[in-house]
Peer 1: 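Provided herewith is a single structure, encoded as structure tokens, for subsequent inquiry.
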Amino acid sequence: MSANIVTTLPLGPLDPERTELLLRVVEGLDPTTLQWLSGFTAGVAHERAGRGAGIVPAGAVVAPAARSEPTARVTIVYGSQTGNSKRIAERLGRAAEAAGLAARVYAAGTYPIKDLAKERLLVVVVSTQGDGDPPDDARGLIEFLQSRRAPKLEQLSYSVLALGDSSYPKFCETGKQVDERLAALGAKRLVDRVDCDVDYDTLATGWLERVVTSAREALGTATQSATVTRLRTAPAEPQFSRDQPFAAEIVGNQTITGRAATKVVRHVEISLAGSGLTYQPGDALGVWHENPPVVVDEVLQALHLDGEQPVEIDGAAKPLREWLATRRELTRLTRPFLTQQAERSGDARLAGVLQPGHETDLRQTLKDLQVIDVLQRHPGAWDAQSFVQALRPLAPRLYSIASSQEAVGEEAHLTVALVDYELERKHRVGAASTFLANLQGEQARARVFVEHNERFRLPADASRDVIMIGPGTGVAPFRGFVQHRDAQGATGRNWLFFGARNFQSEFLYQAEWQDAVKKGVLNRFDLAFSRDRSIPREYVQDRLRRVGKDLYAWLESGAYLYVCGDAEKMAPDVNAALIDIVAEHGGKARDDAEAYVRRLADDRRYLRDVY
Amino acid sequence: MTEQSPVERIKRDSRNLRGTLVESLADPLTGAIREDDLVLIKFHGSYQQDDRDIRDERRRQKLEPAYSFMIRTRLPGGVCTPVQWLQLDQIARTYANGTLRITTRQAFQFHGVIKTELKTTMQAINASLMDTLAACGDVNRNVMASANPVETRAHPIVHEWAKQLSEHLLPSTRAYHEIWLDGAKVSSTEEEVEPLYGPTYLPRKFKAAIVVPPVNDVDVFAHDLGFIAIIENGELQGFNLTVGGGMGATHGDAETHPRVADVAGFLKPEQLLAVAEAVLTTQRDFGNRAVRKRARLKYTIEDRGIDWFVAEITRRQGFALEPARPFNFVTTGDRFGWTEGFDGRWHLTLRIDAGRVADTERGQWLTGLREIAKVHRGDFRLTPNQNLTIANVDANARTFIDGLVVRHGLDRHARATPVALNALACVALPTCALAMAEAERYLPRLTQLVDERLAANGLAGAPLVLRITGCPNGCARPYLAEVALVGKAPGRYNLFLGGDGKGQRLNVLYMENIDEPTIVAALDSAFARYATERTASECFGDFAWRAGLIGARAA
Ligand code: SRM
Ligand SMILES: Cc1cc2nc3c(=O)[nH]c(=O)nc-3n(C[C@H](O)[C@H](O)[C@H](O)COP(=O)(O)OP(=O)(O)OC[C@H]3O[C@@H](n4cnc5c(N)ncnc54)[C@H](O)[C@@H]3O)c2cc1C
Ligand SMILES: Cc1cc2nc3c(=O)[nH]c(=O)nc-3n(C[C@H](O)[C@H](O)[C@H](O)COP(=O)(O)O)c2cc1C
Ligand code: SF4
């Protein structure tokens, strides 16, 4: 039988020598073992993909990290302010390895949180600071553990060493919290927690030895072998879509602009868990928002209509308020609505805007005004029924996904600029951005779907260089790009251009970019700030021109160029800058330069996602 | 040979304090500078800090901490001109956080200068004919001198010595001018030598002060190197030398502790520089370069003995010291209000709580002093108690100045209680990276609480030297106070009792790691006994010992 298998083995990429080897290995193996072997190699492939040596072959679908088998190694995480915990953690690391265990030591701040779900053996050494607070570096990890997003940890054995000072009322508070929380998440204590006072040495040493011995018993020799990943068939087409959006939990919602910021930008983390929805960097997330109550109320007031009165439209009956909140656009104007409003108000000025020859006025009006502005400026009588019918049905908003599933698993992150402005001393807000900003707490849900965008993809060939231009929220997809290239271990270089008004408070994701630069994932980073007293006023396109020589060199060596963000001003300005750069540094005549840039676009090496 | 502390490596490799400061300043990605440069920039008079009030908020915002820089001037004896004051005031409002901070070493500090404006600010400070070189770092720091002597004739003399001493002990690297003032680059740093310091400078910071009895405002026993002016019938005879004082300590580390300086002998004025150099080079060569916590001169002397030390400096300076002359201190406090000088000119000492010159609801102090500086023809003196003397005022200008003082609420000295007038507080939160608890921002409430307890025990208006610091480093010289709080964690302090109010005796830990209610209760009961059991003219610090509040623990 076995010979049979062998002869029918498709020997694709392997050279004769390895084929020979492989044949010998599989010779005479029973089906289960062969199954196991296939899983084993897939597991290795997945591991490597993680470390970037290669990518998982398109065919083999590998379970996402979070679901794969626990990993047989000791992970040691420490939270330390003044270095004591650090020293102990490192000592433990050395002791574990001396005992033949695979061990990794992390400062809490650098521990890749998504690994937690696949840890098998976790050891935490943490001190307590402030008045029972965690060390600065450990705050993030502990917040995650305490949060609802913390995964179940049945697979995990762990032990905690708590450092403290008994002269404080909350002795070893942080260590205790971690210990209890891990237990609550289903993890089993490998060795009971030990609370150390300032003279921690003896206690710590005793604990350390117990941990090493128990770890060896727990892991045995399993450490040596690679993890086995069971193959599973590709997931069925997700049942959720634009028309059947998924009610997603909001697991994080945080302002990421500082105090002096001129506009508020929020980072929103949405859980797609259980939806089967997946995305790739470059995709957008569609959000079905509701009009904020303030907007609805103001409209009802302007119309002197009762929000509770029922309105029925082709068979569907609901209160007026609900129609306006969940079914109709209140913040975006349409021409038909203006026309009706002109009639009802009998206001000549409004009618005028709609006359032929006034297209620019009309465009301006549609762009600058909301429904409420028109109702207030050109009042007219409406009955509930006809008002609802005159309005455009509510449309979902799109947001570039600012994450890669390689890094965040089943979450999707958004970077949302709050639309919030004054117009003639009236406070106005954007519907969806305000809706998203207000999604807080346990119950918060957003109805979402994934809007795939094949026109905005990273190069399939990971060795290609990538240039990303994303001022303001335009940087969102590039956060996903960089996470992805990092996870892929892409060998191509990454160059990011970011711009904002000021450095101190609007440098979106500053801390993450700094890490990426340290890690060598971001090879180049150019910044432009336009309203910063102490920095020469610049926009990204100015920045591009400054470094035009290198930029052209990158393009010549086959780099892909991506632009995301404002369509109205930024994108055209950047395009103009590109043409100038090609002309200057490529020594080309204007139309040759234009042709060059056009060709980049045709070759799909100059990709834009602008709005 | 034991391994050296990492800081020693950084100094050695720094090419005389240049490091990669230029590159650090140019990095657009961060408001911070590189790790090694954090050490080096101190020698240039600046520290990187961040606003700790919003550190965690910024972390959530995925933004780096709100980095900014503190800049400290070098100002021997704390004397500056009205013109300089106006320039500094301008700088504070343009580049810093709108405040001028008078330090416990008679210098100015700016807070909140961002990296991209650091160089401009440094240049502005130098344009005011002040510099910041060696205001921090492992070198001789700003030299202090009694600001408010009763012997006003002696003041110009000791101030002159302070200036000479400061200049004499300056590092000679050109790095400062290169980096901040666009001075010509020294072609190869090899040919640039540090005759006094050598390539690795001192093992640790080094501090000097000159005092004129009977007012020990500089706390002369708190410094590595001190000179007590000996004045006989109005004439300066010379100085008693004091060595090995220091405040810094670390919680729970018995190896570290404050120390009162030894009196080593007497020297003639013309011998001052030679002696100072002998003391400094001895510390340079024998100070502990392995353990920074133990690197101050006080530990060198403690470890090797004062006799060895005196022998060593005698060898270096080439002459022996005479036996110390008698001296007498009565207080460490400032004399507030107007005092007349020997030459008939007047000095007005104002209370600046915690040295923070700012416009607040308490008063328009920054504005007020700007107005005064515009008209004042004498000079300003920063006192070691974080206060300010408007010095050398003509008799006929007094009323006008008084007007400005009152109008801007600068007349605290006329209203505040003795406790509030004499209290010291270090900066601590939100700028100090080492702070474990509030100090400057807590001072107003603290003095109020203490005054309430005094009043409740019928001691209203009793004088008391109260000092608070946010950590055990002792920047407000807490261990010499009658009552001191030393920060341990937010809202929690160690309580010390028993200083003598003259800066000659250390206080003792009374209660550890206690919160406000416990502090208030402890003081209340101590004051209760003080009220009934004290002898006439017995200060609280002395009483604490005699009554055994601390004696037992101290023994
Ligand atoms: C501003 C000032 C306190 C004040 O409220 O005025 C101050 C503020 C700081 N001191 Fe100090 N020290 C100040 C006088 C002192 C004094 C008092 C004195 O010198 O008379 C001491 C105690 C005397 C001594 O040195 O022993 C003092 C002992 C320290 C120490 C502990 C040194 C030690 O030997 O352990 C540190 C920490 C260190 O050096 O490692 C320190 C460090 C600091 C730093 C720079 C914190 C740091 O290293 O990051 C503080 C900056 C806070 C801020 O945000 O401004 N500071 N520092 C004083 C500036 C004086 C000046 O103009 O140069
Ligand atoms: C593919 C794609 C990707 C996108 N990615 C992102 C992203 O990553 N991050 C992000 O923040 N947005 C992104 N957007 C934009 C986003 O979809 C919304 O358009 C945006 O959030 C505003 O929607 P809103 O409902 O809050 O405001 P709306 O309620 O739709 O608009 C408010 C109305 O106010 C009026 N108005 C008048 N003055 C102003 C003013 N000064 N500012 C704004 N409106 C004014 C306008 O008439 C406007 O229609 C993207 C859009 C697309 C198409
Ligand atoms: C400002 C400060 C606050 C502290 N607060 C606490 C506390 O609330 N509870 C406690 O048990 N220990 C407390 N400690 C003590 C530390 O946890 C202890 O020094 C520990 O050894 C520090 O370990 P690390 O160097 O790993 O941070 C505090 C220490 C400092 C400096
Ligand atoms: S005493 Fe401590 S907290 Fe206060 S300024 Fe000095 S170092 Fe900072």
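Below, chains carry the letters A, B, ... as their sequence lines are ordered, and counting in each starts from 1.
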Peer 1: Report the residues that fulfil side-chain hydrogen bond (donor to acceptor under 3.5 Å, both in side chains) with A/S404, sequence neighbours left out, ordered by chain and then residue number.
Peer 2: A/H484
Peer 1: With a 4.5 angstrom heavy-atom cut-off, is it the side chain or the backbone of A/F529 that approaches chain B, or both, or neither?
Peer 2: neither
Peer 1: How close do A/F507 and B/L29 get, counting heavy atoms only, and between which atoms?
Peer 2: CE1-O, 3.5 Å
Peer 1: Can you name the nearest heavy-atom pair linking A/G130 to B/A489, along with the distance?
Peer 2: O-CB, 3.6 Å
Peer 1: Below 4.5 Å from any heavy atom of chain B, which atoms of A/V517 appear? Answer side chain, backbone, both or neither.
Peer 2: side chain
Peer 1: Which atom pairs, one donor and one acceptor, sit under 3.5 Å between chain A and chain B?
Peer 2:
{"from": "A/D136", "atom 1": "OD2", "to": "B/R55", "atom 2": "NH1", "distance (Å)": "3.2"}
{"from": "A/E143", "atom 1": "OE2", "to": "B/R59", "atom 2": "NH2", "distance (Å)": "3.0"}
{"from": "A/E143", "atom 1": "OE2", "to": "B/R60", "atom 2": "NH1", "distance (Å)": "3.3"}
{"from": "A/E143", "atom 1": "OE2", "to": "B/R60", "atom 2": "NH2", "distance (Å)": "3.0"}
{"from": "A/S167", "atom 1": "O", "to": "B/N513", "atom 2": "ND2", "distance (Å)": "2.8"}
{"from": "A/S167", "atom 1": "OG", "to": "B/K488", "atom 2": "NZ", "distance (Å)": "3.0"}
{"from": "A/S167", "atom 1": "OG", "to": "B/N513", "atom 2": "ND2", "distance (Å)": "3.1"}
{"from": "A/Y168", "atom 1": "OH", "to": "B/K488", "atom 2": "O", "distance (Å)": "2.9"}
{"from": "A/T257", "atom 1": "O", "to": "B/Q61", "atom 2": "NE2", "distance (Å)": "3.2"}
{"from": "A/R259", "atom 1": "NE", "to": "B/E57", "atom 2": "OE1", "distance (Å)": "3.3"}
{"from": "A/R259", "atom 1": "NE", "to": "B/E57", "atom 2": "OE2", "distance (Å)": "2.8"}
{"from": "A/R259", "atom 1": "NH2", "to": "B/E57", "atom 2": "OE1", "distance (Å)": "2.7"}
{"from": "A/Q504", "atom 1": "O", "to": "B/R58", "atom 2": "NH1", "distance (Å)": "2.7"}
{"from": "A/Q504", "atom 1": "O", "to": "B/R58", "atom 2": "NH2", "distance (Å)": "3.0"}
{"from": "A/Q510", "atom 1": "N", "to": "B/K62", "atom 2": "O", "distance (Å)": "3.3"}
{"from": "A/Q510", "atom 1": "OE1", "to": "B/E64", "atom 2": "N", "distance (Å)": "3.0"}
{"from": "A/Q510", "atom 1": "NE2", "to": "B/L29", "atom 2": "O", "distance (Å)": "3.3"}
{"from": "A/Q510", "atom 1": "NE2", "to": "B/E64", "atom 2": "OE2", "distance (Å)": "3.2"}
{"from": "A/A511", "atom 1": "N", "to": "B/K62", "atom 2": "O", "distance (Å)": "2.9"}
{"from": "A/Q514", "atom 1": "NE2", "to": "B/L29", "atom 2": "O", "distance (Å)": "2.9"}
{"from": "A/Q514", "atom 1": "NE2", "to": "B/E64", "atom 2": "OE1", "distance (Å)": "2.7"}
{"from": "A/R533", "atom 1": "NE", "to": "B/E117", "atom 2": "OE2", "distance (Å)": "2.7"}
{"from": "A/R533", "atom 1": "NH1", "to": "B/T94", "atom 2": "O", "distance (Å)": "3.3"}
{"from": "A/R533", "atom 1": "NH2", "to": "B/T94", "atom 2": "O", "distance (Å)": "3.0"}
{"from": "A/R533", "atom 1": "NH2", "to": "B/E117", "atom 2": "OE1", "distance (Å)": "2.7"}
{"from": "A/R533", "atom 1": "NH2", "to": "B/E117", "atom 2": "OE2", "distance (Å)": "2.9"}
{"from": "A/S534", "atom 1": "OG", "to": "B/T116", "atom 2": "OG1", "distance (Å)": "2.7"}

